[in-house]
Amino acid sequence: MTNVAIIGTQWGDEGKGKVVDLLSDRAELIVRFQGGNNAGHTLVVGDQTFALHTVPSGVLRPGKISVIASGVVVDPEDLLLEIRALNERGARISPATLKISDKAHMILPYHRLLDSAREKDSAGQLLGTTGRGIGPTYEDKAARIGLRLGDLRSEEVLRARLTLALREKNCLFQNLYGVPTLKVEDLLKRAQPWRSELVPYLTDTADLIQKAQAAGRHILFEGAQGVQLDLDHGTYPYVTSSNPTTGAVAVGTGLAPRELENVLGLVKAYTSRVGEGPFPTELGDETGEFIRQRGQEFGTTTGRPRRCGWLDAVVVRSAVRLCGVERLAVTKLDVLSGLKELKIACHYELDGQLLDQVPADFRDLARCRPVYETVPGFSEDIQRARKLADLPAAAQTYLRLVEKLVGRPTALVSVGPERSETIVSHEYF
Ligand code: GDP
Ligand code: IMO
Ligand code: MG
């Protein structure tokens, strides 16, 4: 029996979806534990591409149970659209195969509205969010005025909770942001199809996961976002509003912390970031553009061009410590083919001092200058490599340097977007 958490060690988009889809072959339960439809996880199966947002990335494998646990925030309208679109393409998502926590909080239309109003407010703070209402939903959860999916079971409860929530929201919309206010009755009408279609999926997912663990089933915990977007440990305030770090597996699912067995850290062979915030190894030159084009670094959720730069071992090391990562999955190595030399930041320099940790204050991080180790690049197409020995010597040297600088061995190397384009050196299940 075993379980594995898949954690993004950078700023998200490390290829978590691809790796979860791959490993879900042998897992029985695939569980999302935090975040919401701000996530965009792309899976490539044969000549078909699927972009998943709330639904776990094991959903394309028949016979698996997908779980959206209580730590996730769910946009009911968006989730129903996602399920419908996937089923039209041959997935068989039903209440028998997808289990959703009745404790998960709902992203409601006013959360999205507030998210976008704040982003447009010239006197406010531009974060470059995905505009999905993630921050406002987690705020309401913490403020204890949120609505949970289980509230869909009763129209009376829905009415009372919406009335309470809208008192403050409408005040903000009317007086601060100058956008139209919302009416409880309109929202109740909009919620009718959510009630009839989503309630059959709701269950006590903590109980389900605890029993699966006790019965020795293989469980995969699918992280969303990445460690530097963590609300506590990331580049605050340029972060998301959940915890993509390992601790959230326990909080967001109800699995006891000591029962989590393995943590696989996803490391993209370079770095990307979407939205605002400091990024020490960012490349504003033609190398950055080369990586963006070859890596197709355009957001799965918003289509925004992703900022690109060299791999940052300081960032990945911090993820190793924060998350208990014991092995690495290095992804998108193929994208680096064609570059004369490759660089990895091993330290930062700040005010004449050498740092080997990410400073707590984003203003300090923005002033850090990366100190690089440089190795020769490779030019071969490596997408057909299926074992480490198939890789050119320079690509192997690069991987060894990653392992040395991060201090953890590699379990898997991804050399292309398709499921099969992977070198597996450690099996979990
Ligand atoms: P996630 O959010 O961590 O799941 O990552 P995304 O799906 O947002 O972004 C990763 C992108 O890279 C997707 O388009 C994947 O299909 C693609 N991808 C994943 N692994 C590889 C790889 O090894 N090589 C290449 N070229 N593309 C990959
Ligand atoms: P996956 O799971 C990359 C970023 C946004 C923004 C910040 C806050 O695909 O790796 P939010 O909408 O969460 O309030 O936005 O976080 N962000 C992501 N960046 N990948 C993601 O998810 C992200 N989810 C949120 O761009 O900078
Ligand atoms: Mg993504």
Side-chain angles (χ1 to χ4, degrees), residues 6-22 32 34-45 48-54 56-57 72-73 75 107 111-112 114-116 118-119 125-139 222-231 234-242 244 266-279 291 293-307 329-337 381-383 385 412-423:
I6 307 293
I7 302 289
T9 63
Q10 296 154 314
W11 276 280
D13 303 325
E14 295 90 351
K16 298 175 291 290
K18 171 191 162 156
V19 171
V20 171
D21 169 60
L22 182 77
R32 275 280 309 267
Q34 47 72 231
N37 57 344
N38 48 348
H41 296 179
T42 312
L43 326 184
V44 180
V45 184
Q48 293 223 63
T49 300
F50 299 84
L52 305 183
H53 299 285
T54 307
S57 296
V72 177
V73 288
D75 183 323
I107 303 176
H111 294 125
R112 281 179 91 120
L114 188 53
D115 194 352
S116 68
R118 282 180 180 155
E119 287 284 302
Q125 164 176 257
L126 178 69
L127 298 175
T129 71
T130 60
R132 296 297 186 268
I134 303 297
T137 305
Y138 279 114
E139 281 168 46
E222 176 179 4
Q225 291 83 48
V227 168
Q228 288 304 323
L229 291 171
D230 186 277
L231 182 58
T235 50
Y236 190 90
Y238 299 101
V239 292
T240 190
S241 297
S242 71
L266 273 269
V267 181
K268 183 145 65 178
Y270 49 91
T271 312
S272 70
R273 173 163 206 171
V274 208
E276 304 301 313
F279 176 1
I291 293 174
Q293 293 304 332
R294 254 188 84 83
Q296 281 303 293
E297 294 295 349
F298 300 90
T300 310
T301 300
T302 58
R304 290 177 288 178
R306 295 173 181 154
R307 300 155 64 191
V330 178
T331 61
K332 305 192 84 161
L333 185 62
D334 54 302
V335 172
L336 296 181
S337 169
D381 176 3
I382 61 168
Q383 253 172 291
L412 182 156
V413 181
S414 177
V415 291
E418 217 278 332
R419 247 180 208 171
S420 61
E421 291 168 334
T422 316
I423 299 169

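Small disclaimer: the values here were computed from a predicted structure and weren't measured. Atoms within a ligand are numbered from 1 in the order they appear, just like the ligands themselves.
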Q) Would you call R306 a ligand 2 contact, heavy-atom distance under 4.0 Å? A) no
(Q) Quick test of your reading of the structure: of L229, T130, D13, T42, whose heavy atom lies closest to atom 18 (C) of ligand 2? (A) L229
Q. If you measure from OH on Y238 to CG on L127, what distance do you get to the nearest 0.5 Å?
A. 6.5 Å
Q | Close approach of G8 to ligand 2, heavy atoms, under 4.0 angstrom | A | no
Q: Look at D13 together with R306 and state whether they make a salt bridge at an N to O cut-off of under 4.0 Å.
A: yes
(Q) Once you restrict to heavy atoms under 4.0 Å, what part of Y238 touches ligand 2? Side chain, backbone, both or neither. (A) neither
(Q) Restricting to under 2.8 Å, identify the protein N, O or S atoms around the Mg ion (ligand 3) as residue plus atom. (A) D13 OD1, G40 O
Q | Winner among V239, T137, V73, L52 once heavy atoms are compared against atom 8 (C) of ligand 2 | A | V239
Q) Side-chain donor-acceptor pair under 3.5 Å between K18 and T331, yes or no? A) no
Q | Contact residues of ligand 1 (heavy atom under 4.0 Å), by chain and number | A | D13, E14, G15, K16, G17, K18, G40, H41, T42, V44, T300, R306, K332, D334, V335, S414, V415, G416, P417
Q) Do NZ/NE/NH1/NH2 and the carboxylate oxygens of D21 and R419 come within less than 4.0 Å? A) yes
Q.
Under a 3.5 Å distance rule, please check whether Q10 uses its side chain to pair with a backbone N or O of Q228 as donor and acceptor.
A. no
Q. Under a 4.5 Å cut-off applied to non-hydrogen side-chain atoms, are V239 and Q225 in contact?
A. no
Q. How does T302 reach ligand 2, if at all, at less than 4.0 Å between non-hydrogen atoms: by side chain, backbone, both, or neither?
A. neither
Q.
What I'd like to find out is whether the side chain of Y138 reaches to under 4.5 Å of the side chain of T240, using heavy atoms alone.
A. no
Q) Strictly under 4.0 Å, does any heavy atom of D115 approach an atom of ligand 2? A) no
Q) ligand 2 versus R132, non-hydrogen atoms closer than 4.0 Å: side chain, backbone, both, neither? A) neither
Q.
Could you check whether any heavy atom of G128 sits closer than 4.0 Å to an atom of ligand 2, since that is the contact criterion I want to use?
A. yes
**Q.** Minimum non-hydrogen distance to atom 2 (O) of ligand 2, winning option of E14, E276, H41, Q34
**A.** H41
Q.
Out of all atoms in ligand 2, which are within 4.0 Å of some heavy atom of W11? Include the element for each.
A. 3 (C), 19 (N)
(Q) Does only the side chain of K16 get under 4.0 Å from ligand 2, or the backbone, or both, or neither? Count heavy atoms. (A) side chain
